[in-house]
Each structure stands twice: as structure tokens, then as C-alpha cells.
Amino acid sequence: MYDLPPDLDRLRTLRTWYAMWLGRIDQAIQAAEQEQAAQQRLEQQRAEAAPDWIVELGIGQGAPPVDVHIGGCHMAGKRRRTINREQAVELLDQGVTACTHCRPDTELGILG
């Protein structure tokens, strides 16, 4: 049939072995589900907490603005600050670069 051993002792051993592995698999599934749920909650919190606009700042005296991004853009560096819509438009008008990934200029209706 399934090439299982014919004697009761070995069949019970196999049953115990597979029950043990089924328990381990169930625990791994539960851990993966919890991790996935935590990741989804984190992404939702980030999306809710993301500002509308951010400016990435350069290095040096005065930390000059380098790029304008839509809030939550994955390409924005660590040196940044939140700005409002008017500030974003003003910075883009002054020649600060618009991020090529999130395209804040397009979102703001500014033709480049």
C-alpha cells in the first residue's frame, strides 16, 4: 500500500515522529503568521504616520536641501525634515531636485 512497516511498534514510532513534526510545523506556521501580521501593522503605521512631503537635506553647514520627496518615499535619506505643500512647491521652484522615484513634481502638478 504505502510501504509502511507491518509491525505495530514501528507504526507507533512513525506516528509519534510525524506527530512531533506536525507540531513543529504548526509552531513555525504560527510564528510566520505572527511575523506577517506584525509586518503588516508596521507598514500600516508607517503609512499613517508618513508626512505628505519631506525634504532630504545635504551634508555641511546649513544642511542645504537636496531632494524633495513624497512622504514615505523609500529613497529619502536619513537627513530629512517634514515640509508642507507650499514649501515643497517653493523648493522645487528654487531648483531643488524632485525625487525620480516618487515624483513629487508630478504629484504637485509642476511640469519639469
Side-chain angles (χ1 to χ4, degrees):
M1 184 160 105
Y2 292 108
D3 295 326
L4 293 174
D7 59 291
L8 190 56
D9 287 340
R10 288 193 290 173
L11 286 170
R12 285 188 176 149
T13 300
L14 284 174
R15 169 71 174 88
T16 302
W17 176 260
Y18 283 106
M20 178 188 69
W21 273 104
L22 184 58
R24 288 180 178 177
I25 291 169
D26 287 343
Q27 288 175 348
I29 289 171
Q30 184 179 14
E33 287 173 342
Q34 289 174 348
E35 177 64 29
Q36 184 179 22
Q39 187 67 27
Q40 288 173 343
R41 282 191 304 273
L42 181 61
E43 288 174 10
Q44 184 177 5
Q45 289 172 351
R46 284 181 184 162
E48 291 171 358
D52 290 338
W53 310 99
I54 53 179
V55 61
E56 184 174 351
L57 303 171
I59 301 173
Q61 188 172 5
V66 178
D67 292 318
V68 175
H69 299 269
I70 293 175
C73 176
H74 67 280
M75 293 301 293
K78 292 183 180 182
R79 293 179 311 276
R80 58 184 167 190
R81 67 179 163 86
T82 301
I83 57 175
N84 60 34
R85 180 183 179 86
E86 292 76 26
Q87 291 170 318
V89 170
E90 183 179 334
L91 287 169
L92 291 171
D93 286 343
Q94 293 173 0
V96 176
T97 307
C99 174
T100 58
H101 293 269
C102 65
R103 300 304 311 238
D105 50 349
T106 302
E107 185 72 24
L108 289 165
I110 298 172
L111 300 176

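Residue pairs meeting the salt bridge (charged side-chain N to carboxylate O under 4.0 Å, His left out) criterion with at least one member in residues 8-28, sequence neighbours excluded, are Asp7-Arg10. Under the ring pair (Phe, Tyr, Trp, His ring centres under 6.0 Å) criterion, the residue pairs touching residues 77-102 are His74-His101, with sequence neighbours excluded. Note on residues 27-36: no pairs pass side-chain hydrogen bond (donor to acceptor under 3.5 Å, both in side chains), not counting sequence neighbours.
Atoms CZ and CD, on Arg85 and Gln87 in that order, are 13.0 Å from each other to the nearest 0.5 Å. Atom SG of Cys99 is separated from atom NE2 of His69 by 5.0 Å, given to the nearest 0.5 angstrom. Considering CG of Asp105 and CG of Asp93, their distance stands at 11.0 Å, rounded to 0.5 Å. Rounding to the nearest 0.5 angstrom, the gap separating the CG atom in Leu22 from the CD1 atom in Ile29 is 8.0 Å. Atoms CD and CD, on Gln40 and Glu43 in that order, are 7.0 Å from each other to the nearest 0.5 Å.
Judged as a side chain to side chain donor-acceptor pair (under 3.5 Å), and not counting sequence neighbours, the contacts of Gln94 are Glu90. With sequence neighbours excluded, no residue forms a side chain to side chain contact (heavy atoms under 4.5 Å, CB included) with Asp52. Partners of Leu11 by side chain to side chain contact (heavy atoms under 4.5 Å, CB included), not counting sequence neighbours, listed by chain and number: Leu4, Pro5.
Residues Trp53 and Ile110 are members of one and the same hydrophobic cluster, defined by side-chain heavy-atom contacts under 4.5 angstrom among Ile, Leu, Val, Met, Phe, Trp and Tyr. Hydrophobic clustering (ILVMFWY, side-chain heavy atoms < 4.5 Å, transitive): Leu92 and Val66 are in distinct clusters. Grouping the Ile, Leu, Val, Met, Phe, Trp and Tyr side chains by contacts below 4.5 angstrom, directly or via other members, places Val68 apart from Ile54. Cluster membership for Met20 and Leu14, using ILVMFWY side-chain heavy atoms within less than 4.5 angstrom, is shared.
Taking all atoms of both residues into account, the shortest heavy-atom contact from Ala88 to Leu108 is CB-CD1, 3.9 Å. Taking both residues in full, the closest heavy atoms of Leu57 and Ala63 are given as CD2-O, 3.6 Å, listed atom of the first, atom of the second, then distance.
More than 12 heavy atoms of other residues, nucleotides or ligands shown are found within 6.0 angstrom of CD1 on Ile25.
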